[in-house]
Amino acid sequence: MKKVAKSKKIKEKIPVKDKSKEYSFFQDVWSVARQIPKGRVTSYGAIANYLGTKLSARMVGWAMNGASLAKPKVPAQRVVNRNGMLSGKMHFETATRMQELLEKEGIRVENDKVTDFQKLFWDPLKELGL
DNA sequence: GCATTGACGAAGG
DNA sequence: CCCTTCGCCAATG
């Protein structure tokens with residue numbers, strides 16, 4: 001994979017558990033996130049599950065923390081928690097940025113959560129493989 | 001190097 | 001049904 005964008009906040013350091021692996025967990029997460037179809041959403045747990053670390057959904061969230069540093073941009077707004085809630089909206093440029101992006105794609109957001117989340121849910125395991 | 005935290009999630013009370 | 005605890009793993013203090 002390409003090198004990750006240089007960051008001043010997180011330096012250029014990318015968490016890599018095993019150097020023998022050419023990818024980092026971050027990049028994998030971003031990779032999956034970019035494949036989320038427009039107008040669809042998924043959850044941190046689903047991505048974690050796809051990466052084989054479903055018990056580490058928190059790491060996905062952590063990875064998304066650096067999503068804003070990724071290039072091309074990662075549609076982090078399409079990634080919500082298992083409840084369909086925009087748990088990460090506060091990490092966007094503005095508190096309303098995430099919702100705006102989602103509504104722009106035709107996703108209805110109500111009270112900080114995606115309506116019809118279950119219907120719009122996009123499971124990488126089901127859609128990409130398996 | 002231990003303790004706390006976190007864009008999560010499942011299980012238990 | 002709401003709240004607490006625990007697990008997961010990496011970063012941060």
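Hydrogens, waters and symmetry mates are skipped; everything else that's a heavy atom, side chains included, is used. Lettering of chains follows the sequences in order, A, B, ..., and the numbering in each one begins at 1.
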> Starting at atom CE of Met64(A), determine the distance to atom C1' of dC9(C), rounded to an integer number of angstrom.
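These atoms are roughly 17 Å apart.
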> Would you tabulate the side-chain donor-acceptor contacts of residues 99-106 of chain A under 3.5 Å, counting partners in other chains and residues two or more places apart, or write 'none'?
residue	atom	partner	partner atom	Å
Gln99(A)	NE2	Glu103(A)	OE2	3.2
Glu100(A)	OE2	Thr96(A)	OG1	3.1
Glu105(A)	OE1	Gly39(A)	N	3.4
Glu105(A)	OE1	Arg78(A)	NE	3.0
Glu105(A)	OE2	Gln77(A)	NE2	3.3
Glu105(A)	OE2	Arg78(A)	NE	3.0
Glu105(A)	OE2	Arg78(A)	NH2	2.8

> Near DNA chain B, under 4.0 Å by heavy atom, which residues of residues 105-122 of chain A?
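Listed by number, there are none.
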> What about Val41(A) and Met64(A), same hydrophobic cluster or not, with Ile/Leu/Val/Met/Phe/Trp/Tyr joined at side-chain heavy-atom distances under 4.5 Å?
no
> In whole angstrom, what separates Leu69(A)'s CG from dA11(C)'s P?
14 Å
> What's the separation between atom NZ in Lys113(A) and atom CZ in Arg108(A), rounded to the nearest 0.5 Å?
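Result: 9.5 Å between the selected atoms.
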> Pick base, sugar-phosphate or nothing for Arg82(A), based on heavy-atom distances below 4.0 Å to the nucleic acid.
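It contacts sugar-phosphate atoms only.
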> When rounded to the nearest Å, what value does the distance between P atoms of dT4(B) and dT5(C) take?
14 Å
> Name the atoms and distances for all side-chain donor-acceptor pairs under 3.5 Å in residues 118-130 of chain A, with sequence neighbours left out.
residue	atom	partner	partner atom	Å
Asp123(A)	OD1	Leu125(A)	N	3.0

> Contact class for Ala48(A) vs. all strands (heavy atom < 4.0 Å): base, sugar-phosphate, or nothing?
nothing
> Out of curiosity, Phe25(A) CZ to Ser56(A) OG, how far, rounded to the nearest 0.5 Å?
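Reported to 0.5 Å precision, the distance equals 6.5 Å.
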> Is there a chain of hydrophobic side chains (I, L, V, M, F, W, Y, each step under 4.5 Å between heavy atoms) that links Met98(A) to Ile36(A)?
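Different hydrophobic clusters.
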> So what does the secondary structure string of DNA chain C come out as, 5' to 3', with Watson-Crick or wobble pairs under 3.5 angstrom, [ ] for crossing and | for pairs with another strand?
.||||||.|||||
> Separation of Asn83(A) atom CG from dC3(C) atom C1', in whole Å?
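After rounding, the gap between these two atoms is 15 Å.
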> Under the criterion side-chain contact (heavy atoms from CB on, under 4.5 Å), I'd like the reasoning laid out for Phe26(A) against Leu69(A): C-alpha separation, chi angles, the key distance, then a yes or no.
CA-CA 11 Å; Phe26(A) 278 38; Leu69(A) 309 170; over 6 Å; no
> Return each pair, listed once, that meets salt bridge (Lys or Arg N to Asp or Glu O under 4.0 Å) where at least one residue sits in residues 82-92 of chain A; pairs must be two or more places apart or across chains.
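Of all non-adjacent pairs touching residues 82-92 of chain A, those that pass salt bridge (Lys or Arg N to Asp or Glu O under 4.0 Å) are Lys89(A)-Asp112(A).
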> Are any side-chain N or O atoms of Trp30(A) and backbone N or O atoms of Ala63(A), one a donor and one an acceptor, separated by less than 3.5 Å?
yes
> Please report the distance separating the P of dC8(B) from the corresponding atom of dC1(C), rounded so that it comes out in whole Å.
23 Å
> What is the 5' to 3' range of DNA chain B, first to last nucleotide, that sits under 4.0 Å from any heavy atom of chain A?
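First and last nucleotides in contact are dG6(B) to dA10(B).
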> Do Val80(A) and Met85(A) touch side chain to side chain, with heavy atoms closer than 4.5 Å?
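Sidechains of Met85(A) and Val80(A): no contact.
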> How far does OH of Tyr44(A) sit from CD1 of Ile47(A), to the nearest 0.5 angstrom?
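With rounding to 0.5 Å, OH (Tyr44(A)) is 8.5 Å from CD1 (Ile47(A)).
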